[in-house]
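Here is the structure we will look at, set down as structure tokens.
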Amino acid sequence: MKKSILTFAAILTLTTGVASAAPINNLSSGETAIGVGTNESYLEHQLSNDVTLGYQRADRDEYGNQDDIYGQIRLVDHVRAIVGHRDLNYKSNYYAGLAANVPLTPNATGYASFITGSDFNETQIGTNVDLVANVELNLNYHSFSPDHGRNENGFGVGATVKF
């Protein structure tokens, strides 16, 4: 099973070029996550049971590097509000959104997120799969829709280490 997932992840890595957003992680209070994906990297820290702060750098095909600083606030068990600031290289944008995650199996969690700023919308649907105690594989579909330029949509893969 794990060989199949890793093979699938390797194929996705070689065949996709869309930038993905940081996955929706489940962290314990005081826990930190560092992750890399198809065209992004991120760092998150769970400040308390209900608040996460993070930084993400994404490499967009048309827009170069984009830097995000964001926060997630747990509203209810599996739903979070997201607020952040993104440097789009041609303009800075504040954004807001929602995310939800649910357990799919004992080793996998599914999630969906949507954020919107004055110049873009972004949607992501994915799954985090436990590989070992503190390492997860992330498989996702991501859609970035800017008001100016072309949309970027596609599948992505990544890995997260929690400590």
Side-chain angles (χ1 to χ4, degrees), residues 1-2 5-6 8-10 12-13 16 18-60 65-88 92-144 154-163:
M1 173 75 170
K2 286 186 182 179
I5 291 171
L6 290 175
F8 179 67
L12 279 176
T13 299
T16 57
V18 69
S20 299
I24 303 302
N25 291 305
N26 287 326
L27 300 173
S28 301
S29 185
E31 192 171 31
T32 299
I34 296 176
V36 295
T38 306
N39 288 323
E40 81 281 349
S41 56
Y42 68 93
L43 171 69
E44 291 182 339
H45 182 72
Q46 188 79 23
L47 294 175
S48 69
N49 289 335
D50 297 327
V51 178
T52 303
L53 289 181
Y55 167 79
Q56 172 185 262
R57 182 171 189 105
D59 180 18
R60 302 270 181 212
N65 294 327
Q66 295 180 354
D67 295 311
D68 283 27
I69 296 173
Y70 60 91
Q72 297 175 4
I73 300 140
R74 187 178 321 274
L75 301 175
V76 293
D77 284 344
H78 299 286
V79 179
R80 303 172 197 184
I82 302 171
V83 293
H85 179 267
R86 176 173 292 174
D87 177 5
L88 294 170
S92 291
N93 248 230
Y94 288 97
Y95 60 84
L98 289 172
N101 63 350
V102 293
L104 301 174
T105 69
N107 296 331
T109 302
Y111 66 88
S113 65
F114 174 78
I115 60 173
T116 185
S118 62
D119 290 323
F120 73 95
N121 294 321
E122 186 171 82
T123 305
Q124 183 172 223
I125 298 170
T127 303
N128 294 321
V129 179
D130 295 336
L131 295 179
V132 293
N134 64 334
V135 178
E136 291 179 345
L137 172 69
N138 174 262
L139 304 170
N140 63 70
Y141 179 80
H142 181 257
S143 176
F144 174 70
F155 291 95
V157 64
T160 301
V161 177
K162 299 176 181 181
F163 56 95

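Everything numeric here is computed off the predicted structure, so don't read it as measured data.
A distance of 6.5 Å separates OG1 in Thr109 from CG in Asp130, rounded to the nearest 0.5 Å. Rounding to the nearest 0.5 Å places CG of Leu53 at 9.5 Å from CD of Glu44. From His142, atom NE2 reaches atom OG1 of Thr123 across 8.0 Å, with rounding to the nearest 0.5 Å. A distance of 12.0 Å separates OG1 of Thr32 from CG of Asn134, quoted to the nearest 0.5 Å.
Remark: side-chain polar atoms of Thr127 are not paired, donor with acceptor, to backbone N or O of Gly110 under 3.5 angstrom. Panel note: side chain Asn93, backbone Ser118; a donor-acceptor pair is recorded below 3.5 Å.
Summarising the local packing, OH of Tyr94 is surrounded by 12 or fewer heavy atoms from other residues, nucleotides or ligands at distances under 6.0 Å.
Between Thr52 and Gln46, the side chains place a donor N or O and an acceptor N or O closer than 3.5 Å (distance only, hydrogens not considered). A donor and an acceptor atom, one from each side chain of Asn138 and Tyr111, are located under 3.5 Å apart.
Residues meeting the ring pair (Phe, Tyr, Trp, His ring centres under 6.0 Å) test with His78, sequence neighbours left out: none. Qualifying side chain to side chain contact (heavy atoms under 4.5 Å, CB included) partners for Ile125, counting only residues two or more places apart in sequence or in other chains: Ala112. The ring pair (Phe, Tyr, Trp, His ring centres under 6.0 Å) check on Tyr95 picks up Phe120, with sequence neighbours excluded.
Residues Ile69 and Tyr55 share a closest heavy-atom pair of CG1-CD1, 4.2 Å. Ile24 and Asn128 get closest at one heavy-atom pair: O-ND2, 3.0 Å. Contact detail for Glu31 and His45: the closest heavy-atom pair is O-ND1, 3.3 Å. For the pair Ile82 and Ser113, the tightest heavy-atom approach, listed with the atom from each and the gap, is CD1-CB, 4.4 Å. Contact detail for Ala33 and Thr160: the closest heavy-atom pair is CB-CG2, 3.8 Å. Considering every non-hydrogen atom in both Ala22 and Tyr42, the closest pair reads CB-CG, 3.7 Å.
Considering only heavy atoms from C-beta on, Asn121 comes within 4.5 Å of Phe114 through its side chain. Side chains of Arg86 and Gln56 form a contact here, defined as non-hydrogen atoms less than 4.5 Å apart.
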| field | Stepwise side-chain contact (heavy atoms from CB on, under 4.5 Å) test for Asp77 and Val79 | value | CA-CA 6 Å; Asp77 284 344; Val79 179; over 6 Å; no
| Going through the checks in order, is the side-chain contact (heavy atoms from CB on, under 4.5 Å) test met by Glu136 and Asn25? | CA-CA 10 Å; Glu136 291 179 345; Asn25 291 305; 3.7 Å; yes
